[in-house]
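Labels below follow one simple rule: chain letters A, B, ... track the order of the sequence lines, proteins then strands, and each chain is numbered from 1.
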Amino acid sequence: MATSAPGAAPPSTGQPATTNLRVYSTLSRSKEPFEPIAPGKVGIYLCGPTVYKPSHIGHLVGPVIFDVVKRYLTYSGYQVTWVVNITDIDDKLIHEAAKRGIGVPELAREMTADYMTNLAALGIDTIDHFPRATDNIPEIVDFIQALIDKGFAYAAAGDVYFDVAKDSAYGKLSGRDVASMQGEGGEMADRKHSVADFALWKGAKPGEPSWDSPWGPGRPGWHIECSAMSRRLLGETFDIHGGGLDLMFPHHENEIAQSECCHGQPQAKYWMHNGLMQAVDEVGKVGGRNTRASAAGSVDAAGEQAAQEAGKMGKSKGASPFRDLLKTFSPETIRLFILSSHYRSPIYFSDARIGEAAKSLETFYRFFQRYERVTGRSYYQVPARNQRGSEVASTGDTLKSVAERRERFLEAMDDDFNTGAAVAELFELVRALNRLVDERHLEDPGKKDAAALATLDEGVAVLRELASLLNLFQQPVVSAAAAGANDELVAGLMGLVIELRADARAAKNFAVADKIRNKLAELKITLADRPGGTDWTIG
RNA sequence: GGCGCCGUAGCCAAGAGGCUAAGGCAGCGGAUUGCAAAUCCGCCAUCGUGGGUUCGACUCCCACCGGCGCCUCCA
């Protein structure tokens, strides 16, 4: 399992920050020019996990996306502070801990560790703070008290509720009408002034974890921790608040209500919501996409069934733990899969679809090997350009193409972090560089061309620059099979086999040469005859 | 029922009022190769259906069909 990528986000360049970035905000339902509240500085708060079960892939979509957001902002000259909260006290933790016969803190520790391990595997080392709800109880209690003092909340039988009727702006994020809300029902209903009111503090029942408060022992409601912790770490108003689309209501709506009623100013300037990961059966398409087949009468029963089985990777669907997914797919594959589509769109998840991402990554890995054959240097040792301001000299076809692709990549990122379009430019970059190697025969040992090699290096530096913004190709991926290739004995035997095959080829004994290659292929070993000799890869 | 999103090639997926509708996977043809692998070049979509607005729409509006999400403390 890979650990964090070295270097974290590219260092701030100290240059003027980009002015072209546009960010879609759920509040305005439109893309807005990005202008941080304090020049040069950006605060980001992302709603993190409730740590009661192992994280599944859906929990890691936000971190992957905001890791890229932070990298891009940093690269663009901003100083970014990114906060991800850990909800470690909540009904779900209480129930799960009881079910397993362990304490809530123990459960929280275990699941927080699981989450952290997954983040590390994905190379996400850009998060600055992981505040836990239970570490911030005094701040939370103060926050609630302030809301009561200002008349926006009321205590009732050990609980405290937010009085939605007092907030005329309530519903502005999700576009909901207070009157039509069902709200939290159950036994709390009769304590609340309105069904739409939500708990800020929940009085403890016997045996439940609790903290002292002016309203008796209890614990925070779900939303208040985020209001309190975001204020502590980022201030009353900060730049970007993110989270899954499912949190828009009620969580973020309630957060806004709490924070803005308490402070009398906006909580966050931009609200970014990522689309949800959806599970889909391997068979058939999803959504309305099989409409035509069905309408035409050629009903694909399997496809229809698959569509019906598609569903959010939520708690009820029992999505498999992320750590299991890592047994099948590399972190890099999962990152590419997530970043290949737009962050606001839902992502339909299946092994086959992630498998496609894995295949497409091979294009890059093969190019990196080719680069090493040509230059003797590892792609991973090429210093990444990390200054947005420095332009690429566009002399010659290749560099012209490299500069253009870089420009398009950056434009895509400026357009509300369009990573899908940006990824396409990475493929185009590699194509341009492969073309250069082909045309100048750089793999041919007898044809070293200093100018072409310099161009290749420049192109690779740009590839590294752009890829690092997506946290891709930061360090070599070593598969178990590839690791075996380093074995001295294996290497020696392969050298012998290749030598014997070379002799056979020299003698035009292609039957033997091909037999060797075919038999090796059965062992998952691929031979490639190149200008400089034959090399082999495994896996 | 209320609110919202979506429907682009065999599959995944960007995009966009007029310029060649990105890229990936799969497939086909060619170059290269002893043959391959890899690489490169080329081919493969008129954008769910029906109307409307416009000089012009796949892109805007309406309707319909189909799918999905939220309204239940799910990232």
Quiz item: If you look at every strand shown and take non-hydrogen atoms under 4.0 Å, does A/Ser55 touch a base, only sugar-phosphate, or nothing?
Solution: nothing

Quiz prompt | Candidate nucleotides B/A13, B/A37, B/U39, ranked by approach to the side chain of A/Arg366 - the nearest | solution = B/U39

Practice problem: Could you measure between the two P atoms, the one in B/C47 and the one in B/C19, and give it in whole Å? | Solution: 14 Å

Practice problem: Have a look at A/Ser345 and say if it touches a base, only the backbone sugar-phosphate, or nothing, with a 4.0 Å heavy-atom cut-off. | Solution: sugar-phosphate

Practice problem: Ignoring the backbone of A/Glu425, work out which of B/C40, B/A22, B/G34 is nearest its side chain. | Solution: B/A22

Quiz prompt | Residue A/Arg530, side-chain heavy atoms: nucleotide from B/U39, B/A37, B/G34 that is nearest | solution = B/A37

Exercise. State which of B/A22, B/C35, B/U39 makes the closest approach to the side chain of A/Thr363.
Key: B/U39

Exercise. Go through the N and O atoms of the side chain of A/Arg353 and the base of B/C11, and report whether any donor-acceptor pair is under 3.5 Å.
Key: no

Exercise. Please tell me which of the listed nucleotides, B/G23, B/A13, B/C35, lies nearest to the side chain of A/Arg431?
Key: B/G23

Practice problem: Record whether the side chain of A/Glu428 comes under 3.5 Å of the base of B/G23 through a donor-acceptor pair of N or O atoms. | Solution: no

Quiz item: Does the ring of A/Phe427 lie flat against the base of B/G24, closer than 5.5 Å centre to centre with planes under 30°?
Solution: no

Going by atom type alone, with no hydrogens or angles, which donor-acceptor pairs under 3.5 Å involve a side-chain atom of residues 525-534 of chain A and a protein atom two or more places apart or on another chain?
unit_1   : atom_1 : unit_2   : atom_2 : d
A/Asp529 : OD1    : A/Arg501 : NH1    : 3.0
A/Asp529 : OD1    : A/Arg505 : NH1    : 3.3
A/Asp529 : OD1    : A/Thr534 : OG1    : 2.7
A/Asp529 : OD2    : A/Arg501 : NH2    : 2.9
A/Arg530 : NE     : A/Asp535 : OD1    : 3.3
A/Arg530 : NE     : A/Asp535 : OD2    : 2.9

Exercise. Measure across A/Leu426 and A/Phe364 and return the closest heavy-atom pair with its distance rounded to 0.1 Å.
Key: O-CE2, 3.6 Å

Quiz item: Quick one: the side chain of A/Asp514 and the base of B/G34, do they pair up donor-acceptor inside 3.5 Å?
Solution: yes

